[in-house]
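Written out below as structure tokens is the structure these notes cover.
Per chain, numbering begins at 1; letters A, B, ... match sequence-line order.
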Number of protein chains: 2
Amino acid sequence: MAEKVTIADVARRAGVSRQTVSNALNSPGVVREETRQRVLRAVEELGYRVNQAARQMRTGRSRLIAIRIEPDRDGINGSVLDRFLHGLTESAARSGYRVLLYTADDDRAEVDTFEDLLGAYEPDAFVLTSTHHGDLRTAWLLDQKVPFVTFGRPWSSDSPKHLWVDVDGAAGTAAATRHLLDAGHRAIGFLGWPPGSGVGDDRREGWARTLTAAGVDPTGLSRATSDEVADGEKAAYDLLRSDLGVTALVCASDSLALGALHAARSPGLAWQPGRGPGGGAAERPVAVIGFDDTPVAKAVGLTSLSQPLAQAAAHCVALLTTLLDGQAKPGEPPANVLLEPSLVVRQSA
Amino acid sequence: MAEKVTIADVARRAGVSRQTVSNALNSPGVVREETRQRVLRAVEELGYRVNQAARQMRTGRSRLIAIRIEPDRDGINGSVLDRFLHGLTESAARSGYRVLLYTADDDRAEVDTFEDLLGAYEPDAFVLTSTHHGDLRTAWLLDQKVPFVTFGRPWSSDSPKHLWVDVDGAAGTAAATRHLLDAGHRAIGFLGWPPGSGVGDDRREGWARTLTAAGVDPTGLSRATSDEVADGEKAAYDLLRSDLGVTALVCASDSLALGALHAARSPGLAWQPGRGPGGGAAERPVAVIGFDDTPVAKAVGLTSLSQPLAQAAAHCVALLTTLLDGQAKPGEPPANVLLEPSLVVRQSA
DNA sequence: CGGCATGATTAGATCGATCAAAATAAACTG
DNA sequence: CAGTTTATTTTGATCGATCTAATCATGCCG
């Protein structure tokens with residue numbers, strides 16, 4: 001291990017007291033400029049780094065941000081969290097924070113972990129993902145007055161007030177739908193999840209809104225299913241063989257979109273003569289757009305909506321630091337952030 | 001925040017001294033059984049949790065394991081690290097450790113981060129991934145006597161000795177090749193990376209060895225390219241249209257395999273009459289096997305080799321804990337671990 | 001029953017930083 | 001120039017745990 005350099009070593013070298021070293025580093029305004037320089041030089045020469053544990057004992061601040069790493073369920077959307085995590089780690093480091101990981105199988109287990117962590121490592125804040133209706137976690141954290149941000153809006157109107165950063169799913173599906181309308185499609189279907197999930201409802205809403213605005217009635221053009229490739233394929237097949245003349249699909253996830261692609265390629269559906277936009281236009285495969293721009297989308301040439309994850313992570317850190325370091329004025333709370341996804345156009349649409 | 005419970009509170013409650021509480025928890029053998037019970041009851045009642053920062057100050061141990069989270073380059077293989085990370089977090093928690101993340105753009109930056117972290121948070125150990133020839137990091141850590149394990153073997157024969165856990169890539173490609181041989185294929189090609197990368201050479205070797213053992217000369221049946229889908233497609237196309245009658249491909253990654261699948265489906269190559277195994281057998285698509293069993297493989301039905309990542313992570317933690325907690329005997333160092341990947345058979349082969 | 005290992009518990013110091021308050025130096029005021 | 005005010009630096013205590021060494025019980029033996 002490297003030899004330890006303490007604040008006392010620096011003090012000795014600079015010919016001042018420990019406290020002056022501390023002040024030079026933490027409250028530069030209070031020390032004379034010349035001594036500050038002298039201290040900084042000593043710090044440099046000795047390679048001094050403040051010991052977090054010791055600082056934490058006195059200040060109660062660990063400069064740690066904790067976040068849960070989920071077992072990537074279906075695997076496809078797991079990469080979203082992964083990319084977010086990377087962005088979070090980078091942004092946090094820039095603000096002098098480190099990211100601590102934990103796992104938990106459900107809300108209750110996660111709250112237990114909160115207690116564990118707060119008792120042992122005392123992270124300064126938590127970042128929550130996958131927020132949902134009636135989230136136990138946010139309520140608990142608010143109750144305990146533990147700082148946190150969620151990546152994802154609080155979906156219920158009655159859900160507790162807290163900081164959040166999110167990506168505007170509706171804006172995304174709206175953009176996707178417009179893209180398809182511009183390409184001449186009219187009967188544009190939607191493949192999503194059963195009502196009740198905030199994220200899913202939001203994404204469906206963007207599609208419906210845009211279609212309606214374009215004079216197309218979305219009724220009957222939507223299907224809901226669980227987030228599995230196979231289920232997406234079934235639902236897409238069902239929608240495509242209906243007599244609504246669906247020529248394009250906007251999907252709530254890349255998993256569903258991949259299923260849709262499979263369905264669209266199944267015999268008797270893709271390349272249907274006379275079904276392309278514009279009536280008797282040339283044969284054309286069913287257009288499909290996914291959501292999240294996962295590696296799978298890139299791999300199979302699926303057009304998809306990309307979330308600005310690094311940006312979202314940076315905003316999370318920014319909100320937390322104003323909450324932790326800066327003094328958030330009571331009258332003027334930090335603003336929540338809603339980011340827009342961007343459409344990555346590939347072969348599928 | 002929750003009210004803080006210190007060891008003094010527990011001591012008061014149990015009617016003993018602080019030190020006895022500490023002993024009851026850390027050196028149970030030294031305390032009378034009855035008092036131990038009394039202390040444990042007090043701990044339970046008050047919800048006491050040892051403060052890591054305070055403990056760390058005295059013992060110098062943080063119970064933190066640091067690992068770098070990489071920006072998933074091509075996206076496809078990023079999920080491997082993600083799954084490993086999840087396993088690591090779970091295993092570490094079981095042993096009373098937490099995982100701390102950091103990022104770094106290259107070896108040199110990573111070594112700088114080592115210094116930063118060791119000075120500030122004092123992680124007890126590091127887990128390194130993506131080890132490579134002439135790795136600066138392992139040399140530095142060994143020199144500083146900082147405990148660490150690598151997920152990945154030290155590839156050079158002259159590389160420094162340290163703990164590692166790895167997955168036997170050669171065994172994997174050998175199994176894949178056998179699987180293809182059993183299915184009747186003879187001219188089985190290999191798609192990999194340019195020589196020089198330990199991992200890539202290892203995977204190629206397993207294929208070549210197995211083919212040779214089956215009496216097939218692997219000469220000319222191999223192509224090397226960078227790990228991109230498009231490059232894989234080009235290389236596969238090149239190999240397939242040669243006059244060697246290649247009917248199956250083993251690939252060093254899912255990215256390459258995906259490219260191979262595309263190539264195999266390109267007109268004039270797939271379903272080539274008379275080219276199937278057994279000479280004039282029925283038409284058959286080119287078989288493809290990938291490596292890593294990424295979400296993409298699952299999504300497109302690609303047969304692939306799955307690494308036991310959770311297991312690998314667990315072994316990493318096990319090695320570290322014997323190194324840190326247990327007393328690794330000088331004469332009998334902890335054994336490195338080589339795990340076998342398993343073949344996940346899907347439609348592609 | 002004194003002398004002494006052995007067992008169980010406790011008091012005091014310590015890790016490295018920061019806080020609070022005191023001490024010292026410099027500057028200002030009438 | 002004494003009397004303060006202001007700027008700068010220093011001393012001592014403290015955060016919560018563990019280490020070291022000392023204290024207090026017990027049990028055993030000759």
Minimum-distance nucleotide (side-chain atoms of [X] versus [options]):
X: R18(B); options: dT10(C), dT10(D), dA13(C); answer: dA13(C)
X: R58(B); options: dC15(C), dT9(C), dA17(C); answer: dC15(C)
X: M57(A); options: dG16(C), dA17(C), dT18(D); answer: dG16(C)
X: Q19(B); options: dT9(C), dG12(C), dA17(D); answer: dG12(C)
X: N51(A); options: dT10(C), dA17(C), dA17(D); answer: dA17(C)
X: N26(B); options: dT8(D), dT9(C), dT18(D); answer: dT18(D)
X: V30(B); options: dA17(D), dT10(D), dT9(C); answer: dT9(C)
X: A54(B); options: dA13(D), dG16(D), dA11(C); answer: dG16(D)

What's the [atom1]-[atom2] distance between [X] and [N], to the nearest Å?
X: L46(B); N: dA17(D); atom1: CG; atom2: P; value: 12 Å
X: L25(B); N: dA17(D); atom1: CG; atom2: P; value: 10 Å
X: E34(A); N: dT8(D); atom1: CD; atom2: C1'; value: 12 Å

Phosphate OP1/OP2 of [N]: any [X] side-chain N/O under 4.0 Å:
X: T20(B); N: dT9(C); result: no
X: R32(A); N: dT9(D); result: yes
X: S22(B); N: dT18(D); result: yes
X: S17(A); N: dT10(D); result: yes
X: T35(B); N: dT9(C); result: yes

State whether a side-chain donor-acceptor pair under 3.5 Å links [X] with [Y].
X: R55(B); Y: N26(B); answer: yes
X: S62(B); Y: Q52(B); answer: no
X: H132(A); Y: D107(A); answer: yes

- line: Distance col, row I65(B):CD1 vs F148(B):CZ, nearest 0.5 angstrom, shows 14.0 Å

field: Check: dT18(C) base within 3.5 Å donor-acceptor of R55(A) side chain
entry: no

query: So does R49(B) reach the base of dG16(D) with its side chain, donor to acceptor, closer than 3.5 Å?
result: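 Donor-acceptor pair under 3.5 Å: no.
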
- prompt: When the aromatic ring centroids of F151(B) and W164(B) are compared, is their separation below 6.0 Å?
  reply: no

message: Which is more 5' along DNA chain C, the nucleotide nearest V31(B) or the one nearest N23(A)? Just name the residue.
response: V31(B)

